[in-house]
Amino acid sequence: MPELPEVETTLRGIEPHIAGTEVEQLRVFNGSLRWPVTEGLSEIVKGQRLLSLTRRAKYLLLHLERGSMMIHLGMSGSLRLVDKNTERRKHDHIEMHMSNGKCLRYHDPRRFGCWLWSDNGHPQLDHLGPEPLTDDFSGKRLFELSRKRKVAVKPFIMDNKIVVGVGNIYASEALFRSGIRPDREAGRISLQRYELLAGHIKDVLRLAIEQGGTTLRDFVNGNGEPGYFQQTLMVYGRGGQPCGQCDKPLSEIRLGQRSSVFCCHCQR
DNA sequence: CTTTCAGCCTGACGGC
DNA sequence: TGCCGTCAGGCTGAAA
């Protein structure tokens with residue numbers, strides 16, 4: 001599923017192939033995504049030059065001459081570059097033909113994603129916290145914003161107002177590396193432990209982006225699905241299996257309606 | 001203000 | 001073989 005590293009990987013994979021080209025044609029086959037695809041999108045973007053592509057949180061932004069497209073991959077979305085006469089697969093909902101012959105296909109079985117056009121900014125981006133891989137995100141920030149908060153630390157670090165782009169997988173892994181129980185009250189964790197946690201969040205995201213390099217080639221070539229993070233996972237999806245550090249069985253609980261796996265011996 | 005929770009959607013999987 | 005229930009997940013917005 002697309003987390004921040006995969007969105008970043010997608011961006012790096014497609015950017016060099018289509019930045020600077022012009023939109024020849026955009027076709028919407030099924031526009032009922034998380035929010036309906038912007039009405040009249042094909043007519044709006046036709047003929048506009050794609051100036052640049054950026055990422056904010058898990059959103060991809062395509063900057064065109066007269067505005068920008070905000071794309072989210074939701075839970076099951078993916079973008080890939082294909083030859084324009086490649087046959088469409090089931091759940092290929094949108095495609096964008098560029099002036100250099102490249103075709104960008106959006107595939108999303110669960111349709112939790114979005115494609116929204118705006119010529120004056122996207123309100124969804126206005127109240128987001130800092131990017132995790134910048135100096136604006138630190139243990140000090142986690143410590144200060146968590147004082148008097150009763151929420152468990154795992155949903156706390158997954159809150160987009162605190163820091164963006166930390167999904168269930170990487171929250172679980174960073175907490176394991178930090179030796180912190182996911183259900184510990186956010187307001188009762190020391191500055192020192194938050195500094196450790198912030199460092200591990202950055203490490204785990206950076207590592208996943210590096211490993212995404214393999215996925216990147218697949219995306220561009222239109223082969224296979226990403227499977228790069230499986231080996232590195234210590235706790236996510238491993239409830240009941242032995243802990244990689246102490247061999248005791250990993251515990252599984254639910255926090256904020258999300259499954260949370262941890263080691264009750266290694267994490268306190 | 002904080003916290004909780006339903007809803008959006010399909011595919012995979014287990015039980016019968 | 002198929003049917004049915006459950007789960008997975010990010011994000012929003014309403015309710016408590």
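In what follows, every chain begins at residue 1, and chains take the letters A, B, ... in the order their sequences are listed.
Nucleotide C/dG10 holds its P atom 13 Å from the CG atom of A/Asp159, rounded to whole Å. If you take CD of A/Glu252 and C1' of C/dT6, they are 14 Å apart, rounded to a whole angstrom. Rounding to whole angstrom units, NZ of residue A/Lys161 and P of B/dC1 are separated by 10 Å. Straight-line distance from the CE atom of A/Met75 to the P atom of C/dT12: 14 Å, rounded to whole Å. Rounding to whole angstrom units, CZ of residue A/Arg55 and C1' of C/dG10 are separated by 15 Å. Here the P atom of nucleotide C/dA8 and the CG atom of A/Leu233 are 15 Å apart, to the nearest Å. The CG-P distance, from A/Asn160 to C/dG9, rounds to 16 Å in whole Å. If you take CD1 of A/Ile253 and C1' of C/dC7, they are 17 Å apart, rounded to a whole angstrom.
Taking the ring centroids of A/Tyr59 and A/His72, they lie under the 6.0 Å cut-off.
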Protein N or O to nucleotides 13-16 of chain C N or O, pairs below 3.5 Å:
none

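Remark: A/Glu24 engages A/Lys84 in a salt bridge (Lys or Arg N to Asp or Glu O under 4.0 Å) (not counting sequence neighbours). In this structure, A/Lys90 has no salt bridge (Lys or Arg N to Asp or Glu O under 4.0 Å) partners at least two apart in sequence or on a different chain. With sequence neighbours left out, the ring pair (Phe, Tyr, Trp, His ring centres under 6.0 Å) criterion links A/Tyr106 to A/Trp115.
To the nearest 0.5 Å, atom CD1 of residue A/Ile201 and atom OH of residue A/Tyr170 are 13.0 Å apart.
Using a 4.0 Å heavy-atom distance criterion, A/Tyr59 is classed as a sugar-phosphate-only contact. Using a 4.0 Å heavy-atom cutoff across all strands shown, A/Asp108 reaches no nucleic acid atom at all. Using a 4.0 Å heavy-atom criterion, one finds that A/Gly167 contacts the sugar-phosphate atoms exclusively. At the heavy-atom level, A/Arg258 lies under 4.0 Å from base atoms of the strands shown.
Under 4.0 angstrom from either OP1 or OP2 of C/dT6 there lies no side-chain N or O belonging to A/Arg254. In terms of phosphate contacts, A/Arg149 brings no side-chain nitrogen or oxygen within less than 4.0 Å of OP1 or OP2 of B/dC1.
A salt bridge is absent between A/Glu210 and A/Arg206; no separation between the charged side-chain nitrogens and carboxylate oxygens falls under 4.0 Å.
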All N/O donor-acceptor pairs, side-chain side in residues 123-139 of chain A, below 3.5 Å, sequence neighbours left out:
residue, atom, partner, partner atom, Å
A/Glu131, OE1, A/Arg55, NH1, 2.9
A/Glu131, OE1, A/Arg55, NH2, 3.2
A/Glu131, OE2, A/Arg56, NH1, 2.9
A/Glu131, OE2, A/Ala57, N, 2.7
A/Thr134, OG1, A/Glu131, O, 2.9
A/Thr134, OG1, A/Asp136, N, 3.4
A/Ser138, OG, A/Lys140, N, 3.4
A/Ser138, OG, A/Arg141, N, 3.1

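No chain of hydrophobic side-chain contacts below 4.5 Å, direct or via other Ile, Leu, Val, Met, Phe, Trp or Tyr residues, connects A/Leu116 to A/Leu41.
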A correct 5'-to-3' footprint of nucleotides 5-11 of chain B, with B, S and - meaning base, sugar-phosphate only and no protein heavy atom under 4.0 Å, is B-BBBBS
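Between A/Phe156 and A/Tyr194, the ring planes lie tilted relative to each other; the angle falls in the 30° to 60° range.
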